[in-house]
Amino acid sequence: MAPATPWKAGRYPTSQRSDHIDTYKSKAQGEVRVADPYQWLEENSKETEQWVDEQEAFTQEYLAPSLKYDDRWYWYYNSGLSAQSIIYRSKDATLPKFDLDGSQGPEDAGEIFFDPNLLTEDGTGALTTTAFSRCGKYFAYGVSLSGSDFFTIYVRSTDSPFNSRPEKGLADTTGRLGDVIRYCKFSGITWTHDSKGFFYQTFGKGKGPLIALDTHFQRLPAREEHGDLNSDAAGTETTGDKNAMIYYHRLGTQQSEDTLVFQDKQNPTYLFSLGVSEVDGKYLELYTSKDTDPVRELRSPSCALFLIHPSFDIKINKLWIADLHENEIGPNIKWHKVVDDFKASYTIVANNDRHFFAITNKDASRKKVVTFTLPNHAEWKLEALDVDFKEFIPEDANGGILEDFGPVNDTAFLAHYSRDVHDKLYLVSSDGVIGEQLDPNFVGTLSASYKRDKSFFFVTFSGFNNPGIIKRYDFPNAGSDVTEGATWETWRKTFLKGLVPDEFSAEQVWYDSKDGTRVPMFIVKHKNTPRDGTAPVIQYGYGGFSISQTPFFSPSMLTFIKGYGGVFALPGIRGGGEFGEDWHLAGVREKRVKVYEDFIAATKYLVDHKHGAPGKVAINGGSNGGTLVAACVNRAPEGTFGAAVAEVGVLDLLKFAQFTIGYAWTGDFGDPAVPGDFDFIYKYSPLHNIPTGQVLPPMILLTADHDDRVVPLHSFKHAATLQHIASHNPHPLLIRIDKKAGHGAGKSTEKKIQEAADKWGFVAQSLGLEWKS
């Protein structure tokens, strides 16, 4: 084994320290004054830009040596080196039949419909969301620049593919409609079935002009600091994302004419999402969440990996429904308040006119399916009414988590469960009887693509050593849940050059955490890697927001463990959703220390059982996982880890709620503005608990200048503090700052490759690894 890259301590770039102090309310101590000498790094100033440039240069010095409504089939494809994946489509209504061996490219059976690589010259423009109109004539798409969560919606005819770079950039209207919808964030595009327009969510500051509409006045959203359509200024601000608003846009009109449908001025931090009933298009569903808190009021037991996301996968929500056939779209729309409190989650998956099916975790931490029936529209009232929820699919008796449920072939359903972090897929009859399991011997992760009005569906299977297999299921009779005589066949396989997946093995083990809790962990290695306690290990973790860590395929990870004779480990620690909401709640707020104990115990297990070498376990995590890595470096005994890679982490847990969407994470972290919460947050906030007098492992923080979800100031302040407190640490404490990039979504292939090379190169340098093949 080669020696680690030489490191000379005490030569970090200078970081100015101020005498800034913040005062917090403490239940135990009354008031606590907390020094924040790097508060100036919270500002987007010339001084911060200079600090960023100096740190990045210093770090580089060390690192240097689906079928749509137009009756065509659409799919994403990337040959491997395109900055962004390209949308292809079939030339007619016939589903292309590719060779199973993966040798046939999409150009052999389709045409380019939308090439995001043409949005910008450097590949940093990306599609964030897309939606086809019901009539199949229009394609609405959101474009984000440089990785920001903010995006702009454009619309084009499906008869006008985007396959050449426009001369005027995004401002060029060639081939598209004149509709431009700005300042969207954490939003989908929800078309009405008449294809006349769509709903969207915006976080404009409401500083635009006051517009007189037929029935009311409204203030339009505006953010002058975002610049013009070609500017990537969006994503660099840190101000809180508040006052979300739902608008309706009619095709062929200006955004200034859009209709405000809903906002909650009394609760400016609430977030919204919408749905329109799939088949009849009659009902508008409004989901309201106040944060990612699972059940704050009850406090009782419920490939990008960076998922601190406030709007999707919410754990509790209100559910209101409006009848679009009986209402004019606007602020006076009449809602039926099906659920008007924050005690559980409800997501509608189907309806037969007024009879609805919904997934809920009400009295079912692993979720179940219920039904309810709306009263006649004439009986709707402004106040919430008691709804009679009836159980349709009970919570799984075998410990399975209901990951997805939905209708197919009109009368049948699909049920997707996860048991012990293994995905299972079942056919379900029209009366709720769970039937045949498809591919019962499969171990890994699956996703199903289906529509209620289609008599077929596709399923993608993948895993640590499975890059992807797509299968197609065809019912024998349209509109029937009878399955006898159905066909189930492989439609497409993914093959890679340079890697043989069968050379790798994956197993699941269970280990004891500090308090005796049994925790699952996947271990992946190459067939030539010995289990003798000499191998280097990359251990990845997340542990939050009820997000499960399931098997996934990663070419860069397999390349690393093959080339360096290493091991990859993925523990399913508390705080995640591996065993339902109870597992999540066991790792939130004052219980978050259990998450860190689980992760540290995983390292101990790997070493004790000779999967990895002592001092050769490198830990990695992103977003909430970046928080995990930094916290574990602070808490673990000296020498536990060989290296640490913390990506886009929430590191200042006393201030996270003040920036962009951070307030939505108080359900998991706690609220530092609440005295009782401050007391436990202060004890585990990574920035405020960096140990002194202890040798820290080699550590690199990764962030990006346009990350407007976990703003980069978290990593800036943490790096400056590390380099001040441990300036003479014998190992490097670095920060890598990506330019024209965000939290992770939409990152170009080139930037992904550069990032992977830097972070795994850092691990190899730190552990003194030699390439074996």
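If you check the side chains of Ser430 and Asp481, you find a donor sitting under 3.5 Å from an acceptor. Tyr283 and Glu285 are not linked by any side-chain donor-acceptor pair at a separation below 3.5 angstrom, with hydrogens and angles left out of the test. Side-chain contact check for Ser345 and Asn317: no donor-acceptor pair (N or O, by modelled atom type) lies under 3.5 Å. Between the side chains of Trp488 and Asp474, no donor-acceptor pair is found at a separation under 3.5 Å.
Partners of Thr411 under the side-chain hydrogen bond (donor to acceptor under 3.5 Å, both in side chains) rule, at least two apart in sequence or in another chain, do not exist in this structure. For Tyr74, the ring-ring contact (aromatic ring centres under 6.0 Å, His included) partners are Phe113, Phe132, not counting sequence neighbours. Every residue two or more places apart in sequence or in another chain that forms a side-chain hydrogen bond (donor to acceptor under 3.5 Å, both in side chains) with Tyr248 is listed here: Thr192. Residues meeting the ring-ring contact (aromatic ring centres under 6.0 Å, His included) test with Phe357, sequence neighbours left out: His355, Phe392, Phe413. A search for salt bridge (Lys or Arg N to Asp or Glu O under 4.0 Å) contacts involving Asp71 returns nothing, not counting sequence neighbours. Residues passing the ring-ring contact (aromatic ring centres under 6.0 Å, His included) test with Phe389, sequence neighbours excluded: Tyr346, Phe372. Annotation: ring-ring contact (aromatic ring centres under 6.0 Å, His included) contacts of Phe198 (sequence neighbours excluded): Trp191, His249. For Glu278, there are no side-chain hydrogen bond (donor to acceptor under 3.5 Å, both in side chains) partners at least two apart in sequence or on another chain. Legend: residues meeting side-chain hydrogen bond (donor to acceptor under 3.5 Å, both in side chains) with Lys424, ordered by chain and number and at least two apart, are absent.
Residue pairs meeting the salt bridge (Lys or Arg N to Asp or Glu O under 4.0 Å) criterion with at least one partner in residues 116-130, sequence neighbours excluded, are Asp122-Lys740. Counting only residues at least two apart or in different chains, side chain to side chain donor-acceptor pair (under 3.5 Å) contacts with residues 125-141 comprise Tyr69-Arg134, Tyr141-Arg156. Within the structure, side chain to side chain donor-acceptor pair (under 3.5 Å) pairs that include any residue of residues 450-462 comprise Asn352-Arg452, Asp404-Tyr450 (at least two apart or interchain).
Note that OG1 of Thr487 is 8.0 Å distant from OH of Tyr473, once rounded to the nearest 0.5 Å. To the nearest 0.5 Å, atom CG of residue Leu425 and atom CD of residue Glu436 are 10.0 Å apart. Once rounded to the nearest 0.5 Å, the distance linking CG of Asp280 with CG of Asp353 reads 6.5 Å.
With hydrogens and angles disregarded, a donor-acceptor distance shorter than 3.5 Å links the side chain of Asp264 to the backbone of Asn267. Thr253 places no side-chain N or O within donor-acceptor distance of the main-chain N or O of Glu257, the cut-off being under 3.5 Å. Here the side chain of Thr202 pairs a donor or acceptor atom with the backbone of Tyr183 at under 3.5 angstrom. Judged by distance alone, the side chain of Thr490 and the main-chain N or O of Arg492 form no donor-acceptor pair under 3.5 Å. Formation of a donor-acceptor pair under 3.5 Å by the Arg354 side chain with backbone atoms of Leu374 is found in this model. No donor-acceptor pair closer than 3.5 Å links the side chain of Asp258 to the backbone N or O of Tyr247.
Geometrically, Arg472 does not engage Phe457 in a cation-pi contact defined by less than 6.0 Å to the ring centre and at most 45° from the axis.
Thr360 is listed as a side-chain neighbour of Lys368, based on a closest heavy-atom distance under 4.5 Å. Using a 4.5 Å heavy-atom cutoff, the side chains of Thr288 and Trp320 are not in contact. In this structure, the side chains of Tyr426 and Leu438 stay at 4.5 Å or more apart for every pair of heavy atoms. Within the 4.5 Å cutoff, side-chain heavy atoms of Leu170 are placed close to those of Leu119. In this structure the side chain of Phe461 reaches within 4.5 angstrom of the side chain of Lys471, judged on heavy atoms. Between Leu284 and Trp335 the shortest side-chain heavy-atom distance falls below 4.5 Å. The closest side-chain heavy-atom distance from Phe199 to Val261 is below 4.5 Å. Counting only heavy atoms from C-beta outward, the side chains of Ile246 and Tyr200 never approach each other to under 4.5 Å.
Nearest approach of Gly136 to Thr158, heavy atoms of both residues: O-OG1, 2.9 Å. The shortest non-hydrogen separation linking Pro407 to Val349 is CD-O, 3.5 Å. Between Thr120 and Arg165, the shortest heavy-atom distance links the atoms O-NH2, 3.1 Å. Nearest approach of Ile87 to Leu127, heavy atoms of both residues: CD1-CD1, 3.8 Å. The minimum heavy-atom distance between Glu403 and Ser418, with the atom names listed, is OE2-CB, 3.5 Å. For the pair Thr494 and Pro467, the tightest heavy-atom approach, listed with the atom from each and the gap, is O-CG, 3.3 Å.
For Phe272 and Tyr270, the ring centers are positioned 6.0 Å apart or more.
Classification of Asp149 and Arg709 as a salt-bridged pair holds, one side-chain N sitting under 4.0 Å from a carboxylate O. Ion pair Asp179/Arg250 not flagged as a salt bridge, since none of the NZ, NE, NH1 or NH2 atoms sits closer than 4.0 Å to an Asp/Glu carboxylate oxygen.
Screening Ile321, Leu324, Asn351, Asp323 against Lys282 for a side-chain contact (heavy atoms from CB on, under 4.5 Å) leaves a single residue, Asp323.
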